[in-house]
Amino acid sequence: MRLTPLVSLAASGLLVLTATTACSSDAAVDETEGSAAAGYPVSVDNCGTGVTLAKPPQRIVTIKSTSTDLVLALGLADKIVGTAFADGPVAEEWAEDAADLPVLAEQAPSQEVVLETEPDLVLAGWESNFTADTAGERDMLAKLGVATYVAPSACQEPGYQPAKMTFDLLFEHFTEAGRVLGVPEAAEKLVAQQRAALDKVGKALPGTTALWWSSGEDTPFVGGTIGAPQMVLDALGLENVVREKATWTSYGWEAIVDADPDVIVLVDAAWNSAKDKIASLEANPATAELTAVRKSRYLVVPFPAAEAGVRSVSAALELADQLERYDLLVR
């Protein structure tokens, strides 16, 4: 028999998820879970929302690729009861674990669809995944006994949005997520592996400039100076031609032509592929004269690796390999 989550309000005002039992077999399950709940309750201030879990979540819904990737990387594929809003295929290393995961929606799922899975935690890549029109507002889900967690790198409120995204900060986020999910040791191992891999990222030749183009054609949507694109560019030693203090920003072609980047990082998505972006660049008389376009210096990153997450380090490594093909890497 399934456990029925209830919600109580702690004195601190944070949400505490508890459970009631309906039969002796359920009581045995509670005892088993209780014995494995060392370190709980866990409380976090997540994008301005206080969340406390009384025990490790057993039924997780993930929204956006960064959330699904993180849960898979922490070895919790068996706890995922639904995924949604995938930005592209799962990385090869987790593809087998992800093969049979239920897909709730191609884009943002509705609250009704999410609740049908009876989750005790919904992990989302963006704050906008929690609205009345999507998975549900966070306070409403809490009243229904469902905890919520947003990737801290995606927080938008002043005081919560990262001043500048760095790998050190990203690794802190992994550590916090490990606590929330009940696998702190797995998170520590993941961080250690990623730090070791990050140390192997090659550096671009000094002074090499780059544009990180995500989407948009008439007005391109590009990486600014404080988000995941800048974090990866910094790891590579590339200079961002965009100076806007933003995670992502709209930027005019005229300014890009004036900056004349040495390389262009193209985010490859099913709805706006790198191939289509290249065709657009080469067909436009103005952008066709850019150094990066004339020399076909295109660096490609898959959309799921373009946002801050467990694929950010591998993205840096892959982009370094691509730079080397253009003889733009320090030897």
Side-chain angles (χ1 to χ4, degrees), residues 1-7 15 17 19 46-47 49 51 53 55-156 173-174 177-178 180-183 215 269-272 302-311:
M1 186 175 292
R2 292 243 340 115
L3 295 177
T4 303
L6 300 176
V7 178
L15 295 172
L17 298 186
N46 179 236
C47 297
T49 296
V51 182
L53 281 83
K55 61 184 180 182
Q58 300 299 306
R59 298 180 63 80
I60 303 170
V61 168
T62 60
I63 305 175
K64 296 291 289 181
S65 289
T66 50
S67 299
T68 304
D69 290 345
L70 178 58
V71 178
L72 292 173
L74 292 174
L76 296 174
D78 62 325
K79 306 297 184 187
I80 299 177
V81 295
T83 67
F85 217 152
D87 298 309
V90 169
E92 186 176 345
E93 60 191 299
W94 307 307
E96 185 175 348
D97 291 337
D100 297 323
L101 294 180
V103 177
L104 305 182
E106 294 300 319
Q107 296 188 3
S110 68
Q111 180 175 332
E112 180 181 6
V113 168
V114 169
L115 292 178
E116 283 178 355
T117 69
E118 301 182 56
D120 47 22
L121 175 68
V122 180
L123 214 67
W126 294 344
E127 287 184 273
S128 60
N129 298 147
F130 292 120
T131 68
D133 294 328
T134 54
E137 296 175 343
R138 300 186 73 176
D139 59 347
M140 183 58 68
L141 289 170
K143 291 175 182 177
L144 297 173
V146 181
T148 58
Y149 187 83
V150 176
S153 59
C155 295
Q156 295 295 309
H173 296 167
F174 294 166
V180 170
L181 295 170
V183 286
S215 61
W271 58 90
N272 190 204
F303 193 102
E307 297 183 340
V310 293
R311 294 178 66 174

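Counting begins at 1 with the first residue of the sequence. All heavy atoms count here, side chains included; hydrogens, waters and symmetry mates do not.
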Does [Y] offer a backbone N or O that forms a donor-acceptor pair with the side chain of [X] under 3.5 Å?
{"X": "Q156", "Y": "A154", "value": "yes"}
{"X": "R138", "Y": "T148", "value": "yes"}
{"X": "R311", "Y": "P304", "value": "no"}
{"X": "D120", "Y": "Q58", "value": "yes"}

To the nearest 0.5 Å, what is the distance between [atom1] ([X]) and [atom2] ([Y])?
{"X": "Q107", "Y": "N129", "atom1": "CD", "atom2": "CG", "answer": "11.0 Å"}
{"X": "F303", "Y": "N272", "atom1": "CZ", "atom2": "CG", "answer": "9.5 Å"}
{"X": "T49", "Y": "E127", "atom1": "OG1", "atom2": "CD", "answer": "7.5 Å"}
{"X": "I80", "Y": "D100", "atom1": "CD1", "atom2": "CG", "answer": "12.0 Å"}
{"X": "I60", "Y": "T83", "atom1": "CD1", "atom2": "OG1", "answer": "12.5 Å"}
{"X": "F85", "Y": "S67", "atom1": "CZ", "atom2": "OG", "answer": "11.5 Å"}

Identify the two heavy atoms, one from [X] and one from [Y], that lie closest to each other, and give their separation to 0.1 Å.
{"X": "K64", "Y": "E307", "answer": "CE-OE1, 4.0 Å"}
{"X": "N46", "Y": "P152", "answer": "ND2-CG, 4.3 Å"}
{"X": "A308", "Y": "T66", "answer": "O-CG2, 3.6 Å"}
{"X": "P102", "Y": "V81", "answer": "CG-O, 3.6 Å"}
{"X": "V122", "Y": "P119", "answer": "CG2-CG, 4.2 Å"}
{"X": "Q111", "Y": "G136", "answer": "OE1-CA, 3.4 Å"}

Flag the pair [X] / [Y] as yes when at least one side-chain heavy-atom distance between them is below 4.5 Å, and no otherwise.
{"X": "L72", "Y": "L101", "value": "yes"}
{"X": "F174", "Y": "V310", "value": "yes"}
{"X": "L70", "Y": "H173", "value": "no"}
{"X": "T134", "Y": "S128", "value": "no"}

Would you say the side-chain atoms of T68 and T62 include a donor-acceptor pair closer than 3.5 Å? yes
Are there over 12 heavy-atom neighbours, none belonging to D78, within less than 6.0 Å of that residue's CG? yes
Does atom CD (E96) have a neighbourhood of more than 12 heavy atoms from anything else shown, all under 6.0 Å? no
Candidate pair L121 and L181, rule side chain to side chain contact (heavy atoms under 4.5 Å, CB included), full reasoning: CA-CA 9 Å; L121 175 68; L181 295 170; 3.5 Å; yes
